[in-house]
Amino acid sequence: ILGGYEARPHLRPYMASLQLDGQHVCGGFLIAEQWVLSAAHCTEGTNGQLFQVLLGAHSLTEPEPHKRLYRVRAQIAHPGSNIHNNRDDLLLLQLEEKAELNAHVKVLPFQREDRDVEADTMCEAAGWGTVTHSGRRPDKLQQVERPVISRELCNHRTRHDQTITEKMMCTDSRKKDTCKGDSGGPLVCNGVAEGVVTAGSRVCGNYKKPAIYTRIAPYAAWIDGVMASAAG
Ligand SMILES: CC(C)CC(=O)Nc1cccc(-c2cccc(CN)c2)c1
């Protein structure tokens, strides 16, 4: 997160850190007791290695009472996701067991009504992604508020030039922005997860490249289907 600030500890009890060999790679969030939603592009370069999921954390390194690392039973990328574009950039992770829910570990509801969030709506992104252009990584969860911008503006030829589909949304990226390592985290508007951070042009903090999110509502049926088929 560029231009943000340290989150109030455990005010975002749905936040997950997807880790490989103890290293934070991407964000994610708890959508059900045994399921975390993240971004498919986070699996790039992991050659099929399964993540471990850290829940209940504020600091990535310090011992905290409700912090717990969960093994993953299955990782399901959306069938339409690929490394060449940001389309269908969703990843479902089934935890080895149901997460123990408490004040520090909670499910975040996601938007099921497929209607665009109005431009200028202030939403929040949080994550343990890089906090400087030189790539400094924070130990504690960061957050930033960003206004939604219209798909029309985001698709302008000087911005993302007609690559933003109706299954994506954008926020202004002037100075304050999501960045490397924030992918997979939720964009929360009025307390509901409306989007999942995607890397887009992999540029951060440049107003010419607004932040891009995969809208969740268009994928509600896919998400429910995967969770139902793997249940039990
Ligand atoms: C395996 C993955 C971690 C590789 C990756 O994602 N790299 C990468 C590099 C630079 C910027 C970003 C990035 C992420 C989220 C939002 C944005 C732009 N707001 C950029 C992402």
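For ligands, and for the atoms within them, numbers begin at 1 and follow the listed sequence. Here the structure is a predicted model, which means the values were calculated and not measured. We're numbering straight along the sequence, starting at 1.
Note on residues 22-34: pairs passing side-chain hydrogen bond (donor to acceptor under 3.5 Å, both in side chains), not counting sequence neighbours, are Ser17-His24, Gln23-Arg137. For residues 70-107, no pair satisfies disulfide (SG to SG under 2.5 Å), with sequence neighbours left out. For residues 173-187, the pairs satisfying side-chain hydrogen bond (donor to acceptor under 3.5 Å, both in side chains) are His41-Ser183, with sequence neighbours left out.
Looking at Glu97 and Arg68, a side-chain N of the basic residue comes within less than 4.0 Å of a carboxylate O on the acidic one, giving a salt bridge.
Between Pro210 and Arg159, the closest heavy-atom pair is CD-CB, 4.0 Å.
Under the 3.5 Å distance criterion, with hydrogens and angles disregarded, no donor-acceptor pair is assigned to the side chains of Asp89 and Ser81.
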Can you produce the list of protein nitrogen or oxygen atoms under 3.5 Å from a nitrogen or oxygen of ligand 1, alongside each distance?
residue  : atom   : partner : partner atom : Å
ligand 1 : 6 (O)  : His41   : NE2          : 3.2
ligand 1 : 19 (N) : Asp177  : OD1          : 3.1
ligand 1 : 19 (N) : Asp177  : OD2          : 3.1
ligand 1 : 19 (N) : Thr178  : O            : 2.9
ligand 1 : 19 (N) : Thr178  : OG1          : 3.0

